[in-house]
2 protein chains.
Amino acid sequence: MPDNKSKKADIFAVAKAARVSPSTVSRYFNHPELLKSATRKRIDSAVRRTGYIRNRAAQTIHGIRSGTIGVLIPTLDHAIFAEVVQAFSDTVAAQGFTILLASHGYDLQREYAILRKFLEHRVDGVVLTGLDHDEAVFQLLDSQEIPCILMWNYATASRYPSIGADNEQAGKLIAEHVLSLGHRRIACMFPPTHGNDRALARREIVLATLRSAGVTVPDEWMLTTLYSISDSKQDAQRLFSQFERPTALICGNDILATGALFGAAASGLVVPDDVSVVGIGDFKGSSEIEPSLSTVRLPARRIGYETGQALATAIIDPASAPNVSLHCAPELIVRKSSGPPGQAGHL
Amino acid sequence: MPDNKSKKADIFAVAKAARVSPSTVSRYFNHPELLKSATRKRIDSAVRRTGYIRNRAAQTIHGIRSGTIGVLIPTLDHAIFAEVVQAFSDTVAAQGFTILLASHGYDLQREYAILRKFLEHRVDGVVLTGLDHDEAVFQLLDSQEIPCILMWNYATASRYPSIGADNEQAGKLIAEHVLSLGHRRIACMFPPTHGNDRALARREIVLATLRSAGVTVPDEWMLTTLYSISDSKQDAQRLFSQFERPTALICGNDILATGALFGAAASGLVVPDDVSVVGIGDFKGSSEIEPSLSTVRLPARRIGYETGQALATAIIDPASAPNVSLHCAPELIVRKSSGPPGQAGHL
DNA sequence: AATAGTTTTGCAAATGTTTTCATAAATTCG
DNA sequence: CGAATTTATGAAAACATTTGCAAAACTATT
């Protein structure tokens with residue numbers, strides 16, 4: 001039982017208790033194979049008796065790795081980010097790292113400040129979410145010599161290695177799916193794109209894909225909707241109650257699509273007979289909803305895992321690290337919420 | 001523009017660049033009011049030029065606070081925990097703290113190991129999830145002199161201050177609601193309770209409340225279902241296809257309830273006419289689903305916020321800290337998924 | 001212009017480790 | 001059994017900062 005009130009449980013206290021020098025105690029932790037097994041045992045017991053806990057801060061000032069990784073995300077409130085972070089955290093935890101987590105709420109100024117905090121803590125590596133960041137952020141990273149990975153999105157020409165899904169491809173996949181079903185009267189619902197390069201990229205590519213097939217989306221069918229089921233339900237309901245009504249609705253993510261599904265039900269429409277609804281993301285639950293949602297899967301767990309692996313090796317063995325981007329391809333998932341356009345065009 | 005390749009951007013480099021002593025640079029950061037504004041300016045520019053970033057590790061070994069808080073949760077995969085963590089993180093970030101986050105996946109052994117890691121990093125405080133923890137964890141905390149709060153659940157006699165909702169009350173509220181509607185033929189669906197005191201407490205109190213109203217739940221109506229929409233949908237469907245069918249189903253959380261709602265739909269039952277379904281949690285989306293879910297709200301954001309406030313003050317000003325538990329009361333939310341039992345008792 | 005008082009700065013010790021180098025102890029070999 | 005070699009341990013310097021104390025630089029007062 002550790003001595004609760006022992007003044008200082010530092011390496012000296014342990015050394016005294018084990019009747020060895022502090023250096024030996026240090027070696028006990030860092031190079032145990034150098035010790036005689038008898039001394040090892042003695043120190044072992046001393047550590048237990050004193051309740052000593054190593055002080056990583058003291059190690060860190062020797063240039064030794066801190067064993068921490070800074071993870072910077074927009075918010076945990078989107079389950080998909082929570083999922084990525086969970087996978088990442090599990091992966092690097094297995095290699096002995098602990099994560100520093102902070103969210104910037106899509107405020108790029110805050111991102112810079114948080115990154116500085118991370119660096120003050122001497123993190124061994126950094127993960128940012130998405131490809132777009134303030135130039136100051138990149139410059140700060142340039143001046144440090146720790147690895148950084150841009151997680152979640154993928155692009156060949158990213159400023160730092162990126163590991164994630166190609167948004168353009170995701171948008172293209174879903175747009176093509178809708179087109180291939182024969183839809184021409186198509187509406188879109190996307191979240192506000194301010195400070196959110198992902199949403200922006202998706203919208204652009206969806207519109208471009210439709211356009212190149214000769215389909216244009218009229219302004220009043222181009223919805224900008226907050227990331228919430230209630231908002232999207234409401235907006236969808238309003239859309240569906242117009243005289244001219246689309247035969248398909250492409251949503252920027254599965255949350256919006258879920259709300260749209262509810263909105264359709266509330267408007268008395270049958271999905272997919274009256275209207276098709278598709279999303280992007282394949283969030284948890286998207287396969288279970290009624291009707292199950294056609295969408296594009298962004299492999300969150302895999303992205304988290306791959307990023308964790310890549311960053312951990314980049315930290316542990318910088319030489320071997322290829323430090324390259326990795327594409328975790330999105331995948332079209334066709335379920336029950338999409339089908340060919342029905343007869344019923346008008347009310 | 002910071003000197004990218006300056007060998008060492010330590011306090012000495014800054015001191016030289018500003019032609020002052022290192023001590024003065026230290027003061028610039030820690031007690032700026034002691035400096036002449038001219039020197040302050042000089043150092044300011046030197047910091048900029050050298051690209052110096054403070055080293056918190058070096059401060060920490062002086063007994064100065066590390067500015068980190070360890071947060072230990074079961075998993076981020078449950079959106080409700082992500083929500084609590086987000087609220088907590090925002091709250092303490094505003095006070096300058098950064099969080100170390102780790103999840104144990106309901107493995108109490110791992111919890112001990114993670115806590116040790118946190119302590120090695122000299123966190124200024126710790127947050128654990130739930131009331132039940134390994135005795136070794138508590139003893140370890142006892143031996144340290146940093147504040148710890150048990151977040152999420154509340155109990156008057158918790159081993160450490162607890163801030164959260166009273167599970168018993170939540171379970172009681174929902175059970176009483178179902179009883180008050182007139183149901184007597186009631187089924188229950190709860191997640192596996194191993195290593196999960198929350199789920200266990202909820203189930204016990206629900207059953208006890210029913211029992212004290214003279215209602216017993218037959219074994220085959222006592223479902224243990226994995227935390228997933230697909231599992232709960234399946235299990236609910238199986239339950240609803242039995243010859244004898246309950247008029248109400250109480251679910252241990254809203255995810256299970258959501259699945260059960262889908263299961264009911266798939267079985268051709270109308271909620272709440274044929275069967276009532278209720279949950280616990282009031283997760284995001286529970287109000288938007290069709291039919292909207294009757295449940296008990298566990299105020300996640302508030303819990304995260306209150307815990308953040310309490311822990312931050314306990315760290316910054318231990319004297320003033322009352323360091324007491326706080327109950328964030330759960331609240332019955334009656335929506336459309338519950339109603340009086342219908343005529344149709346049998347198939 | 002000298003004195004007393006105040007503000008600002010520098011020196012050096014301290015913090016809890018790791019690590020290099022040197023020495024002591026143990027082992028191997030002839 | 002003693003020399004040569006190997007293995008285990010200790011002493012002290014180093015790491016990046018903070019801080020108590022004292023000295024230096026200013027101000028105000030006469």
Side-chain angles (χ1 to χ4, degrees), chain A residues 6-44 46-47 50-68 116-117 119-124 144-145, chain B residues 6-44 46-47 50-68 116-117 119-124 144-145:
Chain A
S6 64
K7 282 283 102 61
K8 13 170 65 194
D10 62 1
I11 213 174
F12 277 77
V14 177
K16 201 154 76 176
R19 292 197 317 281
V20 295
S21 75
S23 340
T24 307
V25 177
S26 171
R27 271 187 280 261
Y28 166 80
F29 286 110
N30 301 299
H31 314 282
E33 74 284 359
L34 292 180
L35 297 197
K36 224 157 78 175
S37 88
T39 350
R40 206 152 37 202
K41 277 222 179 71
R42 215 134 39 88
I43 297 179
D44 198 71
V47 167
T50 54
Y52 170 70
I53 292 183
R54 303 176 72 183
N55 187 335
R56 289 206 84 127
Q59 312 184 259
T60 301
I61 63 173
H62 285 268
I64 291 169
R65 294 199 310 263
S66 68
T68 58
R116 274 198 85 93
K117 271 246 158 71
L119 295 174
E120 289 184 0
H121 285 291
R122 295 298 187 265
V123 291
D124 298 329
Q144 307 297 121
E145 41 202 23
Chain B
S6 64
K7 283 283 102 64
K8 13 172 64 194
D10 60 2
I11 213 174
F12 277 78
V14 178
K16 201 155 75 177
R19 291 196 319 281
V20 295
S21 75
S23 341
T24 306
V25 177
S26 170
R27 273 187 277 261
Y28 166 80
F29 286 110
N30 301 301
H31 313 283
E33 74 283 0
L34 291 181
L35 297 199
K36 221 156 78 177
S37 88
T39 355
R40 209 153 32 201
K41 277 221 179 70
R42 215 134 39 87
I43 297 179
D44 198 69
V47 167
T50 53
Y52 171 71
I53 292 183
R54 301 174 74 183
N55 188 336
R56 288 205 86 125
Q59 313 186 257
T60 302
I61 63 172
H62 285 268
I64 291 168
R65 292 201 310 262
S66 68
T68 57
R116 274 198 85 92
K117 271 243 159 69
L119 294 174
E120 289 184 2
H121 285 291
R122 294 297 186 265
V123 291
D124 298 329
Q144 306 299 120
E145 42 202 24

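A, B, ... follow the sequence lines: proteins, then strands. Residue 1 opens every chain.
- For A:F29, the ring pair (Phe, Tyr, Trp, His ring centres under 6.0 Å) criterion is met by A:Y52, not counting sequence neighbours.
- Rounded to a whole Å, the CG atom of A:N55 is 13 Å from the P atom of C:dT15.
- With sequence neighbours excluded, the residues satisfying side-chain contact (heavy atoms from CB on, under 4.5 Å) with A:D10 are A:K8, A:F12, A:A13.
- Across every non-hydrogen atom of B:S66 and A:H121, the tightest pair is O-CE1, 3.0 Å.
- Following rounding to the nearest Å, B:L34 (CG) and C:dT6 (C1') show an atom-to-atom distance of 13 Å.
- Annotation: of the two residues near DNA chain C, A:K36 and A:D10, the 5′-most nearest-nucleotide partner is A:D10.
- When all heavy atoms are compared, the tightest approach of A:T68 to A:R122 is OG1-O, 4.1 Å.
- In the helix from C:dA1-D:dT30 to C:dG30-D:dC1, the terminal helix axes, each the rotation mapping four pairs' C1' atoms onto the next four within five end pairs, subtend 30°, rounded to 10°.
- Separating the CD atom of B:E120 from the P atom of C:dG16 is a distance of 16 Å, rounded to the nearest angstrom.
- For DNA chain D, the contact window with chain B, defined by any atom under 4.0 Å from a protein heavy atom, covers D:dA16 to D:dG20 in 5' to 3' order.
- Near-neighbour residues of DNA chain C inside residues 21-28 of chain B, defined by a heavy atom below 4.0 Å, number-ordered: B:S21, B:S23, B:T24, B:R27.
- Within residues 56-65 of chain A, the residues approaching DNA chain D are A:I61, A:H62, by heavy-atom distance under 4.0 Å.
- Among residues two or more places apart in sequence or in another chain, the side-chain contact (heavy atoms from CB on, under 4.5 Å) test is passed with B:A46 by B:V14, B:A17, B:A18, B:R49.
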Under 3.5 Å donor-acceptor pairs involving side-chain atoms of residues 32-41 of chain B, not counting sequence neighbours:
| from | atom 1 | to | atom 2 | distance (Å) |
| --- | --- | --- | --- | --- |
| B:T39 | OG1 | B:K36 | O | 3.0 |
| B:R40 | NH1 | B:P32 | O | 2.7 |

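- Applying the side chain to side chain donor-acceptor pair (under 3.5 Å) test to residues at least two apart or on different chains, the pairs with a partner in residues 53-62 of chain A are A:N30-A:R54.
- With DNA chain C read from its 5' end, the first of the two nearest nucleotides for B:E33 and A:R54 is the one closest to B:E33.
- Spacing between atom CD1 of A:I11 and atom P of C:dT15 amounts to 15 Å, rounded to whole angstrom units.
- With sequence neighbours excluded, no residue forms a side-chain hydrogen bond (donor to acceptor under 3.5 Å, both in side chains) with A:R19.
- Put simply, OH on A:Y52 is 10 Å from P on C:dG16, counting in whole angstrom units.
- With rounding to the nearest 0.5 Å, the separation of CD1 in B:I64 from CG in B:D124 is 11.0 Å.
- Side-chain contact between B:Y28 and B:V20: absent, with no pair of heavy atoms (C-beta onward) separated by less than 4.5 Å.
- B:R19 has its CZ atom 15 Å from the C1' atom of C:dT9, to the nearest Å.
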task: With side-chain contact (heavy atoms from CB on, under 4.5 Å) as the test, would you mind laying out the steps for B:Q144 and A:I53 before giving the verdict?
output: CA-CA 10 Å; B:Q144 306 299 120; A:I53 292 183; 3.8 Å; yes
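- Remark: A:S23 engages A:S21 in a side-chain hydrogen bond (donor to acceptor under 3.5 Å, both in side chains) (not counting sequence neighbours).
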